[in-house]
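Remarks on the structure that follows.
Whatever order the structure lists ligands and atoms in, that order sets their numbers, starting from 1.
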Amino acid sequence: MNIENHSKVYKSSDDTFLLLKNIEIKKGEDVLDMGTGSGIIGISCAKNGANVTCVDINPYAVALCRRNAELNNGDVKGVESDLFEKIKGRFDVIVFNPPYLPTSKNERIDDEINSAWDGGEDGSDVTLRFLNSFKKYLKKNGRCYLLVSSLNKKALKKIEELDGKLTAEKKMFFEKLMVFLL
Ligand SMILES: C[S@@+](CC[C@H](N)C(=O)[O-])C[C@H]1O[C@@H](n2cnc3c(N)ncnc32)[C@H](O)[C@@H]1O
């Protein structure tokens, strides 16, 4: 794929590729790519025949995912939304690579790119909000692929309560990245 980047939008990295490698999408499925960034995950699902909605809180990301979809002849719907705030309906699959970096208040920066990594004190803030609501947006027997860092203790506890299954992991320098199926 030919993916353009933007200084205010997360550039695909190891987490993106770990998640992308470990999702299974069937033709015709309704897929929600939460926190789409450049759109790479959603566009890849669309190219596999899924009907894709790409969501991001960052307007630059929404614009970039639309642009990248066009560049790659992938048809996606881009929606600017804080998690599910503007989302209606239910999906077969929800994919989310959230901001998971532990970030204190004084580490925040005043730029849209902050939303790419700022996960609050232990990196779990956005993931926990997501985990408290995603089920309402899944169809019966729908599934969710979620990326989590080993640093996100609160999110990991919640995933255990929800009986999430670890499907892939990758050791990084100071953390382990994990993909859960929920
Ligand atoms: C780690 S980046 C992942 C980007 C892309 N999916 C990828 O894997 O390369 C996290 C993305 O989540 C978005 N995000 C953060 N908080 C969000 C929220 N509350 N609602 C929707 N998107 C959010 C960020 O703007 C960013 O694009």
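For Phe84 and Phe130, the distance between ring centers is under 6.0 angstrom.
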Show me a pair-per-line table, with atom names and distances to 0.1 Å, of protein N or O atoms that are under 3.5 Å from an N or O of ligand 1.
| unit_1 | atom_1 | unit_2 | atom_2 | d |
| --- | --- | --- | --- | --- |
| ligand 1 | 6 (N) | Gly35 | O | 2.7 |
| ligand 1 | 6 (N) | Thr36 | O | 3.4 |
| ligand 1 | 8 (O) | Thr16 | OG1 | 3.2 |
| ligand 1 | 8 (O) | Asn97 | ND2 | 2.8 |
| ligand 1 | 9 (O) | Thr16 | OG1 | 2.8 |
| ligand 1 | 19 (N) | Asp82 | OD1 | 2.8 |
| ligand 1 | 20 (N) | Ser81 | O | 3.4 |
| ligand 1 | 20 (N) | Leu83 | N | 2.8 |
| ligand 1 | 22 (N) | Ile57 | N | 3.3 |
| ligand 1 | 25 (O) | Asp56 | OD1 | 2.6 |
| ligand 1 | 25 (O) | Ser115 | OG | 2.7 |
| ligand 1 | 27 (O) | Asp56 | OD2 | 2.6 |

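By the neighbour-count criterion of 12 heavy atoms within 6.0 Å, atom NZ of Lys47 is densely surrounded, having more than that number from other residues, nucleotides or ligands. Applying the 6.0 Å contact sphere to CG of Asn2 captures more than 12 heavy atoms from other residues, nucleotides or ligands. Taking a 6.0 Å sphere around NZ of Lys8, one finds it holds more than 12 heavy atoms contributed by other residues, nucleotides or ligands. Within a 6.0 Å radius of CG in Asp75, other residues, nucleotides and ligands contribute 12 heavy atoms or fewer.
For the atom pair CD of Glu107 and NZ of Lys105, the computed distance is 12.5 Å after rounding to the nearest 0.5 Å.
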